[in-house]
Amino acid sequence: MQVSSSPPFFEHQHERLEAQLHAHLLDVVGGDFDSALQRLQRWRADLAQHIEIENTRLLPHVPPGARWAARVYLVEHDRIALLADEYLLKVRAMAQQPPQGEQARRAAVLGLLDAAHALRHVLEHHHEREHQALAHELPESLQAAAWNGVEPGGA
C-alpha cells in the first residue's frame, strides 16, 4: 500500500522552529543563559508568526469532516503560546540573575530543561497532528500561499 506524502509546507516550518528551539536548549545545557534568552526570544517571535499564519490563513479553511476541527488546533495554539510564555519568563529570570557556583548552575540548567519538557511535548504532538491530518486536508495551493515569504531555515 502506498502512502501519499503531504506537501512539505508544515514540515519545513516545523523543522525551522524545532532547530531554533534545539539551538536554544544547547545554550541552556552550556549554561549560556544570555544567548539562551536571545535565541528563545527569536524563537518565540517566529512561533507567534507561525501560529498567526495558521490561525488566519489556514484554519478558516479546514473542511467539514476533517479529522480534527479547526477549534482543536486553535486550543492547542493557545496552550503552546501559554507554555512558551511561561518558559520564556523562567529563562529571562535566569539570564537576569545567573546562578553563582557550579552546583547552582547545574541545578539551574536542569530546572530549565525540566521546564521546557512540557512545552516540547505539546509541540511534538501538535506538529504530528498537523502532519498527519491538516497537511493532507488543505489544498496545496492554499498552503503555498499561506507560507509564501516565510522561509524555512531562516529566522
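Numbering of residues begins at 1 and proceeds along the displayed sequence. Note that these values count all heavy atoms, side chains included, but never hydrogens, waters or copies made by symmetry.
- Taking every heavy atom of both residues into account, Leu119 and Ile80 meet most closely at CD1-O, 3.9 Å.
- By the 4.5 Å heavy-atom criterion applied to side chains, Asp34 and Asp27 are not counted as neighbours.
- His77 and Glu54 are linked by a side-chain donor-acceptor pair at a separation below 3.5 angstrom, with hydrogens and angles left out of the test.
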### Task
Go through the steps to decide whether Arg129 and Val72 satisfy the test side-chain contact (heavy atoms from CB on, under 4.5 Å), and finish with yes or no.
CA-CA 10 Å; Arg129 184 185 318 280; Val72 172; 3.9 Å; yes
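- In this structure, Arg44 and Ala81 approach most closely via the heavy-atom pair NH2-CB, 3.5 Å.
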### Phe33/Leu112 under side-chain contact (heavy atoms from CB on, under 4.5 Å): CA gap, chis, key distance, verdict
CA-CA 10 Å; Phe33 301 118; Leu112 288 179; 3.8 Å; yes
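- Side chain of Trp43 to backbone of Leu17: a donor-acceptor contact under 3.5 angstrom is found.
- Within 6.0 Å of the CZ atom in Arg79, the count of heavy atoms belonging to other residues, nucleotides or ligands does not exceed 12.
- For the residue pair His117/Tyr87, the side-chain donor-acceptor check at 3.5 Å is not satisfied.
- With hydrophobic clusters built from ILVMFWY side chains whose heavy atoms lie under 4.5 angstrom apart, Val29 shares a cluster with Leu88.
- Across every non-hydrogen atom of Arg57 and Ala146, the tightest pair is NH1-O, 2.6 Å.
- The main-chain N or O of Arg39 is never found under 3.5 Å from a side-chain atom of Gln20 such that the two would form a donor-acceptor pair.
- With a 6.0 Å radius and a threshold of 12 heavy atoms from other residues, nucleotides or ligands, Arg120 has its CZ atom at or below the threshold.
- Counting heavy atoms from C-beta on, the side chains of Glu137 and His61 never come closer than 4.5 Å.
- At a threshold of 4.5 Å between non-hydrogen side-chain atoms, the residues His24 and Val91 count as touching.
- The main-chain N or O of Pro98 is found under 3.5 Å from a side-chain atom of Gln100 such that the two form a donor-acceptor pair.
- In this structure, Tyr73 and Asp78 have side chains that are not in contact, with every pair of non-hydrogen atoms separated by 4.5 Å or more.
- Checking Glu18 against His22 by side-chain atom types alone, no donor-acceptor pair falls below 3.5 Å.
- Residues Ala36 and Val28 share a closest heavy-atom pair of CB-CG2, 3.8 Å.
- Using a 3.5 Å distance cut-off with no hydrogens or angles, the side chains of Gln103 and Arg106 do not pair a donor with an acceptor.
- There is no side-chain donor-acceptor pair under 3.5 Å between His125 and Glu76.
- Between the OG1 atom in Thr56 and the CD1 atom in Ile51 there is a gap of 11.5 Å [rounded to 0.5 Å].
- Taking both residues in full, the closest heavy atoms of Leu138 and Pro63 are given as CD2-CD, 4.3 Å, listed atom of the first, atom of the second, then distance.
- Of all non-hydrogen atoms in Leu25 and Ala116, the two that sit nearest each other are CD2-CB, 4.0 Å.
- In the hydrophobic cluster analysis, where Ile, Leu, Val, Met, Phe, Trp and Tyr join through side-chain heavy atoms closer than 4.5 angstrom, Val75 is grouped apart from Trp68.
- Using bins of under 30°, 30° to 60° and over 60° for the plane-to-plane angle, the ring pair His127/His50 lands in the perpendicular bin.
- When hydrophobic clusters are built by joining Ile, Leu, Val, Met, Phe, Trp and Tyr residues whose side-chain heavy atoms come closer than 4.5 Å, directly or via intermediates, Leu123 is not grouped with Leu134.
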### Query
Would His131 and His14 satisfy ring pair (Phe, Tyr, Trp, His ring centres under 6.0 Å), going step by step from the backbone distance to the final call?
CA-CA 10 Å; His131 295 179; His14 294 159; 4.8 Å; yes
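- The same ILVMFWY cluster, assembled from side-chain heavy atoms under 4.5 Å apart, contains both Leu142 and Trp147.
- No continuous path of ILVMFWY side-chain contacts below 4.5 Å connects Leu21 to Ile53, so the two sit in separate hydrophobic clusters.
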